[in-house]
Enquirer: 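Here it is, the structure in full.
None of these values were measured; they are calculated from a predicted model.
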Amino acid sequence: MGRGRVELKRIENKINRQVTFSKRRNGLLKKAYELSVLCDAEVALIIFSSRGKLYEFGSASMTKTLERYQRCCFNPQDNSAERETQSWYQEVSKLKAKYESLQRTQRHLLGEDLGPLSVKELQNLEKQLEGALAQARQRKTQILMEQMEELRRKERELGDMNKQLKIKVSLEMSSLEAEGQGLRAIPCPWNPGSSSGTNSFPIHVQASNPMEIESEPVLQIGYHHYNLGEGPSSVPRRMAVESNIFQGWTL
């Protein structure tokens, strides 16, 4: 007959309870040892009897196992830090792979390391190069057109400035010519060949007859005031009269 099923409840008999504890304890320690050896697991077993006696088993150091248990159960921040470190490690791995791929593509675009590429890959590379060349030519043409437009704008500005300077110079030249014509039109009283034809100062002409030569001028006392409105012909006449008077007085 097989072994009957034991009802799981506290054994009231003290002796039977102690015997059952000893048997089950030894069996549990044996199973823990077998688990650690067969499965390469880190096992720690702690048993306290009803009297407070300690029984333990550890496949490794009990202290290290307990510290590991505390880190896993009572320090969730460490777990989050470990998970974050793991995620960063994965991200770094992805970035490193992407960087290597970009470097390989750059070498292919420069015409290097083309040996491992197949015909289809070479055709795709050729299409990429043709597209890049077309875009570069288009951009170059656009820049040249913008530079030409800028030069044309500067040329128009310089042309306008040149026209303004020409107009300004012509106005100054015309004003200078007008001033020169005005200066030539003013008569000069000291010029014998002026348009007036007469000289305001009397000119003494030497007579042909020695008897008609007037005597030497004498000292004139005082100053004779005459009106300017009388004209130039009256001045010599008065001077002649006064000279005759002085000559008679001297005689």
Side-chain angles (χ1 to χ4, degrees), residues 8 24-49 52-164:
L8 294 177
R24 297 289 181 111
R25 181 199 63 197
N26 294 333
L28 185 60
L29 292 174
K30 183 179 179 181
K31 291 294 182 182
Y33 172 74
E34 292 176 355
L35 181 63
S36 64
V37 173
L38 294 175
C39 300
D40 194 17
E42 185 177 355
V43 180
L45 178 61
I46 300 173
I47 301 172
F48 287 96
S49 65
K53 191 175 181 179
L54 173 62
Y55 301 92
E56 64 179 5
F57 168 79
S59 60
S61 175
M62 183 62 69
T63 305
K64 293 181 179 180
T65 305
L66 291 175
E67 289 177 355
R68 185 177 180 183
Y69 174 75
Q70 290 177 356
R71 285 197 303 270
C72 293
C73 298
F74 299 102
N75 294 326
Q77 294 180 356
D78 295 341
N79 292 334
S80 62
E82 186 177 357
R83 287 194 298 269
E84 186 177 0
T85 304
Q86 188 69 20
S87 63
W88 280 113
Y89 178 76
Q90 294 177 358
E91 188 70 20
V92 169
S93 300
K94 291 179 181 178
L95 291 176
K96 186 177 180 180
K98 188 175 181 181
Y99 174 72
E100 292 177 354
S101 176
L102 290 175
Q103 278 190 335
R104 186 167 52 254
T105 303
Q106 184 180 7
R107 289 195 298 270
H108 292 166
L109 292 174
L110 294 175
E112 300 175 357
D113 297 339
L114 299 178
L117 299 179
S118 62
V119 177
K120 187 175 181 180
E121 291 176 348
L122 291 173
Q123 289 178 354
N124 294 331
L125 181 62
E126 184 179 4
K127 290 181 181 179
Q128 291 178 2
L129 292 174
E130 290 178 355
L133 182 60
Q135 292 180 359
R137 288 176 177 174
Q138 183 179 1
R139 178 58 182 168
K140 183 183 72 173
T141 305
Q142 183 180 0
I143 292 174
L144 291 176
M145 293 297 294
E146 291 177 356
Q147 291 179 355
M148 291 176 62
E149 186 65 25
E150 183 68 18
L151 292 175
R152 289 174 182 173
R153 184 182 63 80
K154 291 182 178 180
E155 182 181 4
R156 289 193 296 269
E157 291 179 356
L158 292 175
D160 296 337
M161 292 175 64
N162 191 13
K163 290 180 181 179
Q164 293 177 1

Enquirer: Does any N or O in the side chain of Gln90 come within less than 3.5 Å of the main-chain N or O of Ser87, such that one atom is a donor and the other an acceptor?
Expert: no
Enquirer: Can I get a per-line list of side-chain donor-acceptor pairs under 3.5 Å for residues 122-132, giving both atom names and the distance, sequence neighbours left out?
Expert:
residue : atom : partner : partner atom : Å
Asn124  : ND2  : Lys120  : O            : 3.3

Enquirer: Identify, with sequence neighbours excluded, every residue that meets side chain to side chain contact (heavy atoms under 4.5 Å, CB included) alongside Gln138.
Expert: none
Enquirer: Show me, pair by pair, the donor-acceptor contacts under 3.5 angstrom made by side chains of residues 99-107, not counting sequence neighbours?
Expert:
residue : atom : partner : partner atom : Å
Tyr99   : OH   : Gln103  : NE2          : 2.5
Thr105  : OG1  : Ser101  : O            : 2.9
Arg107  : NE   : Asp113  : OD2          : 2.7

Enquirer: Please name all residues satisfying side chain to side chain contact (heavy atoms under 4.5 Å, CB included) with Glu149, sequence neighbours left out, ordered by chain then number.
Expert: Arg152, Arg156
Enquirer: Would the number of heavy atoms belonging to other residues, nucleotides or ligands and lying under 6.0 Å from CD of Glu155 be above 12?
Expert: no
Enquirer: Do Met148 and Leu151 make a side-chain contact, defined as non-hydrogen atoms from C-beta onward lying under 4.5 Å apart?
Expert: no
Enquirer: If I compare all heavy atoms of Gly52 with all of Phe48, which pair ends up nearest, and what's the gap?
Expert: O-CD2, 4.0 Å
Enquirer: With a cut-off of 3.5 Å and sequence neighbours excluded, list every side-chain donor-acceptor pair involving residues 35-42.
Expert:
residue : atom : partner : partner atom : Å
Ser36   : OG   : Ala32   : O            : 3.4
Ser36   : OG   : Tyr33   : O            : 2.7
Glu42   : OE1  : Arg68   : NH1          : 2.7
Glu42   : OE2  : Thr65   : OG1          : 2.8

Enquirer: Please determine whether side-chain contact (heavy atoms from CB on, under 4.5 Å) holds for the pair Glu56 and Leu29, giving the CA-CA distance in whole Å, both sets of side-chain angles, and the decisive distance to 0.1 Å.
Expert: CA-CA 8 Å; Glu56 64 179 5; Leu29 292 174; over 6 Å; no
Enquirer: Once you round to the nearest 0.5 Å, how far does CG of Leu45 lie from NZ of Lys31?
Expert: 13.5 Å
Enquirer: Heavy atoms only: give me the nearest Arg25-Ile47 pair and the separation to one decimal.
Expert: CG-CD1, 3.9 Å
Enquirer: Once side chain to side chain donor-acceptor pair (under 3.5 Å) is applied, do any residues pair with Glu157, and if so which ones, sequence neighbours excluded?
Expert: Arg153
